[in-house]
Colleague: 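My questions all concern the structure below.
Within every chain, numbering begins at 1; the chains are lettered A, B, ... in the order of the sequence lines, protein sequences first and strands thereafter.
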Amino acid sequence: DGGITQSPKYLFRKEGQNVTLSCEQNLNHDAMYWYRQDPGQGLRLIYYSQIVNDFQKGDIAEGYSVSREKKESFPLTVTSAQKNPTAFYLCASSPGPAGELFFGEGSRLTVL
Amino acid sequence: ELKVEQNPLFLSMQEGKNYTIYCNYSTTSDRLYWYRQDPGKSLESLFVLLSNGAVKQEGRLMASLDTKARLSTLHITAAVHDLSATYFCAVESDSNYQLIWGAGTKLIIKP
């Protein structure tokens with residue numbers, strides 16, 4: 001089945017540690033996105049990529065980094081510079097730079 | 001700058017009643033999307049509205065888009081408990097094609 005796979009589903013991190021969230025899609029979509037959602041809040045864009053080897057900062061990129069070395073993969077690293085990283089992270093993709101987004105199941109990160 | 005406002009942000013209603021969620025946006029756009037999110041889950045696409053006057057229906061939900069008024073509505077007919085969720089609208093920016101999200105409407109339907 002085509003879709004977007006995020007892993008891990010749950011992740012616990014100690015303060016000061018970097019963690020990497022995986023996002024893989026087999027939809028052959030060009031564009032991929034990372035969003036952050038805090039409890040009871042809407043979605044905020046962290047980074048997006050419209051093509052392999054290229055990505056742009058979203059509204060809240062500070063403390064995060066990404067790479068897009070393959071079309072199907074868009075991992076997100078939450079660095080120790082991110083002061084409040086506890087949140088629900090959602091990866092999405094779309095066929096092109098515009099249009100409907102398809103979401104993965106999400107990764108819930110908790111900093112202990 | 002494109003801004004998107006949903007209202008109400010919270011809605012508690014009885015089963016069997018009708019209600020409407022509103023999504024207003026501040027600059028021109030012809031593309032609007034509605035998503036549903038269940039507690040602790042990801043987002044599921046409900047409707048894609050791509051032109052003025054577009055109307056889509058799925059079961060007890062109907063969405064419409066008025067690009068001149070910069071308004072979309074999500075109408076719930078004869079609500080049932082299973083429709084309890086948070087509903088988000090997202091508007092596509094004409095300048096960079098990114099989606100700008102509303103804050104979400106948390107809908108609770110009581111039996």
Colleague: Can you tell which part of A:Q6 gets under 4.5 Å to a heavy atom of chain B, answering side chain, backbone, both or neither?
Modeller: neither
Colleague: Check this for me: B:E15, atom CD, are more than 12 non-hydrogen atoms of other residues, nucleotides or ligands nearer than 6.0 Å?
Modeller: yes
Colleague: Would one find more than 12 heavy atoms of other residues, nucleotides or ligands at under 6.0 Å from atom CD1 of A:I51?
Modeller: no
Colleague: For B:Y97 and A:P97, work out which heavy atoms get closest and say how close.
Modeller: CB-O, 3.4 Å
Colleague: For the CH2 atom of B:W101 and the CZ atom of A:R44, what is their distance to the nearest 0.5 Å?
Modeller: 14.5 Å
Colleague: Working to the nearest 0.5 angstrom, can you tell me the gap between A:Y33 OH and B:Q98 CD?
Modeller: 5.0 Å
Colleague: So if you build clusters from Ile, Leu, Val, Met, Phe, Trp, Tyr with side-chain heavy-atom gaps below 4.5 Å, do B:L32 and B:Y22 land together?
Modeller: no
Colleague: Going from CD1 on B:I100 to CG on A:L43, what distance comes out if it is rounded to the nearest 0.5 angstrom?
Modeller: 11.5 Å
Colleague: Quick one about A:E100 and B:S45 (side-chain donor to acceptor, distance below 3.5 Å, no hydrogens or angles considered), yes or no?
Modeller: yes
Colleague: Looking at A:G106, is its backbone amide N or carbonyl O close enough to the side chain of B:S42 to form a donor-acceptor pair, meaning the two atoms are under 3.5 Å apart?
Modeller: no
Colleague: Can you tell me if A:K71 has over 12 outside heavy atoms packed within less than 6.0 Å of its NZ?
Modeller: yes
Colleague: So for atom CD, which belongs to A:Q56, do other residues, nucleotides or ligands contribute more than 12 heavy atoms lying within a distance under 6.0 Å?
Modeller: yes
Colleague: Could you state the interatomic distance from CG (B:L43) to CD (A:Q37), rounded to the nearest 0.5 Å?
Modeller: 6.5 Å
Colleague: Within a 6.0 Å radius of atom CD on A:E62, are there more than 12 heavy atoms belonging to other residues, nucleotides or ligands?
Modeller: no
Colleague: Given heavy-atom pairs under 4.5 angstrom as the criterion, report whether the side chain, backbone, both or neither of A:L101 touches chain B.
Modeller: both
Colleague: Quick check on the hydrophobic clustering: are A:V52 and A:M32 connected, directly or via other members, by side-chain heavy-atom contacts under 4.5 Å?
Modeller: no
Colleague: Heavy-atom count check: over 12 atoms from other residues, nucleotides or ligands less than 6.0 Å from B:M62 CE?
Modeller: no
Colleague: Within this structure, what is the OH-OG distance for the pair B:Y33 and A:S94, rounded to the nearest 0.5 Å?
Modeller: 8.5 Å
Colleague: Report the distance from atom CG of B:L99 to atom OH of A:Y48, rounding to the nearest 0.5 Å.
Modeller: 11.5 Å
